[in-house]
Participant: 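Below is the structure I would like to discuss, written out as structure tokens.
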Number of protein chains: 2
Amino acid sequence: MDSTQLLKGVLDAAVLAVLSERDGYGYDIVRRLREAGLEGVGDASVYGTLRRLFQSGALTSYVLPSDEGPHRKYYGLTPAGAQQLSEARDSWKAFSHTVQGIFDGARSAA
Amino acid sequence: MDSTQLLKGVLDAAVLAVLSERDGYGYDIVRRLREAGLEGVGDASVYGTLRRLFQSGALTSYVLPSDEGPHRKYYGLTPAGAQQLSEARDSWKAFSHTVQGIFDGARSAA
DNA sequence: CGCAGTACCGCGTATCACACAGTAGAGCGC
DNA sequence: GCGCTCTACTGTGTGATACGCGGTACTGCG
């Protein structure tokens, strides 16, 4: 199974969710997502998502120097981002419920 | 929210699930999926999915005449298809659990 | 005969995650 | 000082796939 396709439409929300806990920068977010179970997530995917979310106004960003490497570009949720997270969460809930229902309706390989 | 993206990676499994109940033809499957809650699913998406699944060996197909319209191309699961459904179901379970965990970890716009 | 409903395709498009490669700063060993 | 590794960010091209739109074709009805 290719969870790549499953990820679509969820990565945005996952990034927003992770950032709602606390601000973070790209490299850090990748780590956090992987620790959360999205093990296969590619770094380029996350950076791309961050750019998209930022451009759509869901995120703010500010750069801070680091003591162990190049500067870090931190991202945080805007109110619009928080709302988007909320909506994504609702969508996810409805969608996952629907899909679950379809699988439950299927008789097969227990 | 665009459930289009969420659908990716799930439509295959949804079609397999619906067919595990009983064989069906394209037009019918579209209706069944919509009734199951996937309201926005496009017919072309389903036909494309059926073709793909058939070519990958997950489905068999046979044509029957209809008394109220053109012929119908019925599809049914092969053993490989049943197994793919089973795997997809497992993937879904793990994935949805992970995503749920990420949303639960987020504090936000309750 | 035209029209609606059923049934099936094909083509072009958009989105999105990913692999891969490249840039760059900081600290380490030699 | 040089190369190496780790941290950190970015750009390009590719593949998968759902969708919109349009087209074909058969049936029954007025």
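Per chain, numbering begins at 1; letters A, B, ... match sequence-line order. Heavy-atom basis, side chains included; hydrogens, waters and symmetry copies ignored.
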Participant: With B/Asp43, which residues qualify under side chain to side chain donor-acceptor pair (under 3.5 Å), at least two apart?
Facilitator: none
Participant: Determine: side-chain N/O of A/Thr49 to OP1/OP2 of C/dC16, distance under 4.0 Å, yes or no.
Facilitator: no
Participant: Need one value for A/Val41: base, sugar-phosphate or nothing, where a base atom within 4.0 Å counts as base even if backbone is also close, heavy atoms only.
Facilitator: sugar-phosphate
Participant: Could you tell me the separation between the CG atom of B/Leu59 and the P atom of C/dC8, rounded to a whole number of Å?
Facilitator: 13 Å
Participant: Starting at the 5' end of DNA chain C and moving along, which residue's nearest nucleotide shows up first, A/Leu11 or B/Lys73?
Facilitator: B/Lys73
Participant: If you compare every side-chain N and O of B/Tyr27 against the phosphate oxygens of C/dC8 (OP1, OP2), does one of them come in below 4.0 Å?
Facilitator: no
Participant: So, do B/Leu33 and B/Leu11 sit near enough that their side-chain heavy atoms are less than 4.5 Å apart?
Facilitator: yes
Participant: For A/Tyr27, does its backbone N or O pair with a side-chain atom of A/Tyr47 as donor and acceptor, under 3.5 Å?
Facilitator: yes
Participant: Quick one: does A/Leu85's side chain get under 4.5 Å of A/Leu19's, heavy atoms only?
Facilitator: no
Participant: Report the distance from atom CZ of A/Arg52 to atom P of C/dA14, rounded to the nearest whole Å.
Facilitator: 16 Å
Participant: Sub-3.5 Å donor-acceptor pair from the side chain of B/Thr60 to the main-chain atoms of B/Thr78, do we have one?
Facilitator: no
Participant: In whole angstrom, what separates B/Arg31's CZ from C/dC8's P?
Facilitator: 10 Å
Participant: Please state whether the rings of B/Tyr74 and B/Tyr62 are parallel, tilted or perpendicular, taking 30° and 60° as the class boundaries.
Facilitator: parallel
Participant: Per the atom types in the model, does the base of D/dT17 pair as donor or acceptor with the side chain of A/Lys8 at under 3.5 Å?
Facilitator: no
Participant: Whole angstrom is fine here: how far is it from CG in B/Leu7 over to P in C/dA17?
Facilitator: 15 Å
Participant: Within this structure, what is the OH-to-C1' distance between A/Tyr25 and D/dT7, rounded to whole angstrom?
Facilitator: 8 Å
Participant: So does B/Tyr47 get a side-chain nitrogen or oxygen closer than 4.0 Å to the phosphate oxygens (OP1/OP2) of C/dC9?
Facilitator: no
Participant: Does A/Arg72 have a side-chain nitrogen or oxygen under 4.0 Å from the phosphate oxygens OP1 or OP2 of C/dG25?
Facilitator: no
Participant: Quickly work out the B/Asp12 CG to D/dT17 P distance and round it to whole Å.
Facilitator: 6 Å
Participant: Give the rounded distance in Å between these two atoms: CD of B/Gln5 and C1' of C/dA14.
Facilitator: 8 Å
Participant: Ignoring backbone atoms, establish whether A/Arg51 has a side-chain N or O less than 4.0 Å from OP1 or OP2 of D/dG11.
Facilitator: yes
Participant: Set out, in order, the CA-CA distance, both residues' side-chain angles and the distance that settles side-chain contact (heavy atoms from CB on, under 4.5 Å) for B/Tyr25 and B/Val63, then state yes or no.
Facilitator: CA-CA 9 Å; B/Tyr25 54 96; B/Val63 174; over 6 Å; no
Participant: Testing B/Ile102, B/Thr98, B/Leu6 for side chain to side chain contact (heavy atoms under 4.5 Å, CB included) with A/Val10, which one passes?
Facilitator: B/Leu6
Participant: Just by protein heavy atoms under 4.0 Å, how would nucleotides 20-30 of chain D read 5' to 3' in B, S and -?
Facilitator: BB---BBSS--
Participant: Are any side-chain N or O atoms of B/Ser61 and backbone N or O atoms of B/Lys73, one a donor and one an acceptor, separated by less than 3.5 Å?
Facilitator: no
Participant: A/Thr49 side chain to A/Ser45 main-chain N or O, any donor-acceptor pair under 3.5 Å?
Facilitator: yes
Participant: Within this structure, what is the CD-to-P distance between B/Gln55 and C/dC9, rounded to whole angstrom?
Facilitator: 11 Å
Participant: To the nearest 10 degrees, what angle separates the axes at the start and end of the helix from C/dC1-D/dG30 to C/dC30-D/dG1, five pairs each?
Facilitator: 10°
